[in-house]
Every structure is written in C-alpha cells, then in structure tokens.
Amino acid sequence: MKIRHHYCTGCGHGIIHRLLCEVIDELEIREKIIAIAPVGCAVFGYFYWNFDTAEAAHGRPPAVAAAIKRILPDRIVMTYQGDGDLAAIGGNEMLHAANRGDNITVVFVNNACYGMTGGQMAPTTVMNQITTTTPYGRNIEDGYPIKVCELLKELEGTVYIERTSVDSPANIIKSKKALKKALNCQIEGKGFSLVEILSMCPVGWRLNPQQSLEWVNKSMKKQFPLGVFKDRL
Amino acid sequence: MTKKLLKGNYAVVEGALQGGIDAYFGYPITPQNEITEYMSQRMRAEDRVFLQAESELAAINMVFGAALTGKRTMTTSSSPGISLMQEGISYLAGCELPAVIVNVQRGGPGLGNIDGAQGDYFQSVKGGGHGDYRLLTLAPSSVGETYSMCRDSFDLAFKYRCPVLILTDGVIGQMIEPAEVDDTPLKKDKKVKDYGWNLTGCLGRERRVVRSLYMKEGALEKLNLRLAERYEAMKKETDWEESDTEDASLILVGYGTSARINYDAARRAREKGMKVGYFRPKTLYPFPSERLKELSGKANFLVVEMSMGQMVEDVRLAVSKDTHVEFYGRPAGGIPETDKILEICKKMTA
C-alpha cells in the first residue's frame, strides 16, 4: 500500500504508527482490533492503519472505547490520542475510563502542544515553553503541565502505565516493548493500560527535526520523566 | 397485548427491552431518574450492557461506541443533559449511526426546574447540534405510546441509520396509567450482525472506517446530500392522530402532554356546540405538514404548547396563507388550562 504521508517532517506520529502496527501484527490481533482516532493530527491514523477504526468527538475516545469493549469483550479496543484530546478536553473521560478499570489500551502521544491547529499551548506544554498562545513562555498563570501517568497510577482501576519516548533508537525500542505490554495487558483481560509517548512536533515547536529530538531529551523529559509508573501485570 | 399499570419512565425501559436494546448508558437527572435506575436492574437481569456514565457527554459517546458495533443502544436524559449531548448527536448523524435518545423534557433555560415542559422542540427538530442534520423525532402523549415508540424506535434508527429522538416530558414520565404492553418474551440475540458498516474487527473482510471528517473537496457535500435524501425518504414515517376534524371550523393542535389537554378541551367545546377538532402530531420530524395544509382550507388552528411557541412555527409554515393560527402556551412547568383554551375557542369560532 503506497500512501503519501500527511505528517510533517520530523513528527513522531509516523514512528509510533509503525511501532503500533508492528506490535499488532506480532500479537496477531489486526483482525480483532477496533481503534478510536482522536481529534488532532492523528485523526487520519486510518490512512495508514489496516484495521477497523472510527473517529470520535474531541476528547471522547475513552468513553467510546469503554462501550465497545463492554459490548464486544473479545475484541481489542484501543484509543490513540494526543495531549489536547486526552488531557484537556477529554480529561474527564480519561479519568473515569481509567478509574472504572475499563479493559482498553490508551496510546497517548504527548508532544507538548496542539499540533494540528498550529502549536497552541496544551495541558502538557512545559514551563517557559513558547507556543502561539504563550508567546512569552508558559508561566504559572497558565497553569502547570499535567502529568498523566503520575495522575492515573493512583487510581485503583489502572493496571499498566508507562511513559516512553521516540527521540532515540533505544527509546523507540522501549516504546515498542511498552505498546506490546499494554496490548497484552488487555488481551489477558487485566484491565486499563496506557502508554504515554513523548514525541516531536518540529512545526509546532518552530524547531528543525534535529533540534526537536534534542528538545524532547532536554526539556520534555525533565518535566515528564520516563519509566514504568504502574505494573500490576 | 396486556394492559399493565405503568409509570411513563418505566415504560421507556420495558419498551426498549421489547425493542431489543443491547446497551444502555445514562447519567442521573430529574425527572427521568427512574429510567436509569430501572435500566440498571433490568439490563443486568437480562444479561445486557448497562453503564452509568460520568456525564451526559460520556453517555452519548458511549452510545456512539455501542452504535459503532451495530448493537441497539439508547441513552435517556432531560433537557439540560440533552443540551450536553448535542455534540455527540451531531457525530452520530454525521457518522450515520443508529441510536435512540429519550428526552424527558423539563423547564429551561439553564438549570430551569424539574417540571414537565416543552421548551426543547426547536432543539429537537431544527438541529440542536452543529451541521445540517435532522433527527427522526417521536412524541408520545401517553404511557402506552411511550412504550410502543421506545419499542419501535430501534427499527426506525436502523432503517434510516440515524439517531431517533423520543421527545416526551416530565408529566408523561412521572404519570402512572394503564398501558398496552407486549406479552411476547424478549428476544435474546447476542450474535454480532454484519450490516456492512459496523465495526467488529476486520476478520474475513476489508477493514472499515467510520468517520464524519471529509476534507476532500465535495466529499462532505456528498455526505450531506445523502443525508438529505434519507430525510426525504423518512417522510413516509409521518404520523399523527386526529378526531372531529371533518366538520371543524377550528382545530386544536398540540403534541405530548399539551395534546392531552387539547383532547379534553375539544370534547368540552363540542359539548358546548362549538365545531372544534383535535390534531396531534406523533412525529415532530417529519412533521405532518401536508395533512395540516389539507385541513387548513376549512379550518383555523389553535396551537397549544407548554412553551412560548415553538411548534406553532411549523404549523404556520404548513397551512395555507389565509388560515388563522392562534397560539396559547405556558412555559417552564406551567400547564395550559382547559378553560383558557375554551375561552379562545369561543372567540375563534364566533
């Protein structure tokens, strides 16, 4: 299948899509997976995914996924969401799906800005980061970056929570392992799993691809340390 | 069929079960709490999906998820909650998904009150959410009809692949009266059907995408035209009830609770020698405009609503130019008075 990529040069979505698709093939679940795409750059995930996919309203994928999983418990139900979708407008749906322990997998791509709309402040924009709506840098009046993994690990309903990144080959390999573990968590019927992946948005950040990799490494990881936050598998 | 003493809100549940509901999602709000509460018992007892959502936003999006799988799904709420659901309803319409939404109307705007009202007519039949879509809207005026409309709504939703709205109100929801109910056992069909559009995992077929985002030039227009065609086809579902209209010089028009008051008023007007008829739309979209137009050559109309005048606009659009259309309404929990209706009847038939 030959399809022209719609993601920008240096964007992390392409890498994450590939990892996800590899894992889905390795687990042999392509024919039983139902994916929910967010509103944001990854709304077009289905350009590249060869499995059943639906768009959801902005922020609502966890609610949509929760219903599907309860109706079709033997299918694999996954949401793929950005930081605006998951942590801002969809904060409530995220929190309650996690707290109910819905047996779904959330792939959360954190690129510290609203990419699709041109790089505005996201709930995960780091302190002092310049965006189109924080032209002087994010300060305390704009509020603090939300730490999704740290927040969700406290909830009884969550089973597996990990934060990875795709800024280096080693971290890309770790991300793939995390995705596989998260989907396995669901396959085994264990409950709610989420992988947060720190990803690059060169256009949103006004940096070139190389600088973007460095920025993930230097600025994002300080705010969002990598690691396994919860593993009850 | 058996006659059973039933509360309006319970009739929603029993009707939905008879109609083959597979999954229910809801959030508490008065005056429809009995639905969610009773659903939580009945759905579990019947081994179907029940989930109390964290908000009406979540509830309607759970309905969206359930509808994606091709299962029969429903949510219920009351006016403020239905306002919150408008985004999700627009997405259901845009993605061409079948679902049933029940609005047990209460007073508004804002938090309003918990009395029965009819202030959501515009929201129901003129769009509500964003975009150029319509909802097949049914308006029961009794507990029995609440039951049968809820039962039949799923078939309609699947027939037209669109959300169906049942627009009732707090009076009918809270009322207990005898209702005709089926005595056939509930269907137990747990199989996942393939309709050619639902998502079940792509085993043995091409993958499917359900979406409402169409960026390619002309693609979204195509979707809208397809929807328009479907709304046109829906016209054959138009339904109403009328009595004493043949020789009437004045016809009382109302839906739901207002129609019950009209029915009584028309009967009393006849007793007083006034030639008054009664007309009740059972479908609000599609609206029985053609029948009203036919009747308008011979009679004038008095539209009665529990609002300050919403459906009256559709009556005015339907009738011929020289027809006199009066309006009488009481908003936000006020109940139209029969004596007041009779007073207007007297003036209009003089």
Side-chain angles (χ1 to χ4, degrees), chain A residues 1 6 21 24 28-40 42-79 89-100 102 104 116, chain B residues 22-25 27 43 48-73 75 85-92 94-97 99 129-130 190-192 197-215:
Chain A
M1 200 158 54
H6 86 284
C21 291
I24 286 167
E28 296 180 344
I29 54 173
R30 188 188 74 83
E31 291 175 318
K32 57 194 286 194
I33 197 162
I34 300 171
I36 308 300
V39 171
V43 63
F44 295 122
Y46 49 75
F47 285 173
Y48 321 104
W49 303 339
N50 186 19
F51 40 80
D52 277 10
T53 306
E55 286 168 2
H58 199 14
R60 319 295 170 222
V64 174
I68 296 174
K69 187 71 185 183
R70 278 159 194 262
I71 289 169
L72 302 173
D74 60 343
R75 304 306 199 279
I76 304 303
V77 187
M78 171 195 93
T79 75
I89 196 166
N92 209 34
E93 284 75 17
M94 163 192 82
L95 205 62
H96 286 274
N99 196 47
R100 279 192 302 264
D102 277 304
I104 59 171
M116 196 179 218
Chain B
D22 296 299
Y24 172 89
F25 308 93
Y27 183 82
M43 292 297 276
R48 300 173 195 207
V49 173
F50 169 90
L51 184 58
Q52 182 173 327
E54 62 269 29
S55 67
E56 287 91 351
L57 282 183
I60 194 70
N61 283 284
M62 288 169 179
V63 162
F64 182 91
L68 279 173
T69 68
K71 289 289 187 175
R72 296 186 165 216
T73 182
T75 186
M85 290 182 184
Q86 292 306 322
E87 178 201 43
I89 295 173
S90 169
Y91 277 73
L92 284 165
C95 291
E96 302 172 83
L97 294 175
H130 61 283
K190 298 222 61 165
K191 258 188 265 161
V192 184
W197 51 261
N198 53 322
L199 302 190
T200 52
C202 62
L203 181 64
R205 60 161 169 79
E206 288 285 301
R207 67 88 186 247
R208 289 178 187 146
V209 175
V210 175
R211 59 176 176 158
S212 59
L213 178 66
Y214 293 93
M215 299 291 275

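Every chain is numbered from 1 and lettered A, B, ... according to where its sequence line falls, protein lines coming before strand lines.
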Asks: Between A:Val77 and chain B, which part of the residue has a heavy atom less than 4.5 Å away: side chain, backbone, both or neither?
Replies: neither
Asks: Taking atom CZ of B:Arg207 and atom CH2 of A:Trp49, what is their separation to the nearest 0.5 Å?
Replies: 10.0 Å
Asks: For A:Ala63 and B:Ala58, work out which heavy atoms get closest and say how close.
Replies: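 Taking every non-hydrogen atom into account, CB-O, 3.8 Å.
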Asks: Are side-chain heavy atoms of A:Glu93 and B:Ser55 found at a separation under 4.5 Å?
Replies: yes
Asks: By a 4.5 Å heavy-atom criterion (distance strictly below it), what part of A:Ile36 contacts chain B: side chain, backbone, both, or neither?
Replies: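 Contact with chain B is through the side chain of A:Ile36 alone.
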Asks: Heavy-atom distances under 4.5 Å only: say whether B:Ser212 touches chain A with side chain, backbone, both or neither.
Replies: both
Asks: Salt bridge or not for B:Glu87 and A:Arg60, using N-O below 4.0 Å?
Replies: yes
Asks: Working to the nearest 0.5 angstrom, can you tell me the gap between B:Leu199 CG and A:Ile33 CD1?
Replies: 12.0 Å
Asks: Apply salt bridge (charged side-chain N to carboxylate O under 4.0 Å, His left out) to A:Arg100 and B:Glu54, showing your working.
Replies: CA-CA 10 Å; A:Arg100 279 192 302 264; B:Glu54 62 269 29; 2.9 Å; yes
Asks: Select one option (side chain, backbone, both, neither) describing which atoms of A:Arg75 are under 4.5 Å from chain B's heavy atoms.
Replies: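 Contact with chain B: side chain only.
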Asks: What is the distance from atom CZ of B:Phe64 to atom CD1 of A:Ile68, rounded to the nearest 0.5 Å?
Replies: 8.5 Å
Asks: After noting the C-alpha distance and the side-chain angles of A:Asp52 and B:Arg205, does the key distance pass the salt bridge (charged side-chain N to carboxylate O under 4.0 Å, His left out) rule?
Replies: CA-CA 10 Å; A:Asp52 277 10; B:Arg205 60 161 169 79; 2.6 Å; yes
Asks: On a heavy-atom basis, which atom in A:Ala67 and which in B:Ala66 lie closest, and how many Å separate them?
Replies: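 For A:Ala67 versus B:Ala66, the nearest heavy atoms are CB-N, 4.0 Å.
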Asks: Please determine, among A:Leu95, A:Val39, A:Val64, A:Ile76, the option with the most heavy-atom pairs under 4.5 Å with chain B.
Replies: A:Val64
Asks: Tell me, out of B:Val49, B:Leu51, B:Ile60, B:Asp22, who's got the most heavy-atom pairs with chain A below 4.5 Å.
Replies: B:Leu51
Asks: What part of A:Ile71 is in contact with chain B, defined as an atom under 4.5 angstrom from a non-hydrogen atom: side chain, backbone, both or neither?
Replies: both
Asks: Say you draw a straight line from CZ of A:Phe51 to CD of B:Glu206; how long is it, rounded to the nearest 0.5 Å?
Replies: 14.5 Å
Asks: Which distance, rounded to the nearest 0.5 Å, do you find between the CG of A:Leu72 and the CG of B:Asn198?
Replies: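 Spacing of CG (A:Leu72) from CG (B:Asn198) equals 9.0 Å.
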Asks: So A:Glu55 and B:Val210, do their side chains get closer than 4.5 Å, heavy atoms only?
Replies: no
Asks: Go through the atoms of B:Leu68 and report whether side chain, backbone, both or neither lie under 4.5 Å from a heavy atom of chain A.
Replies: side chain
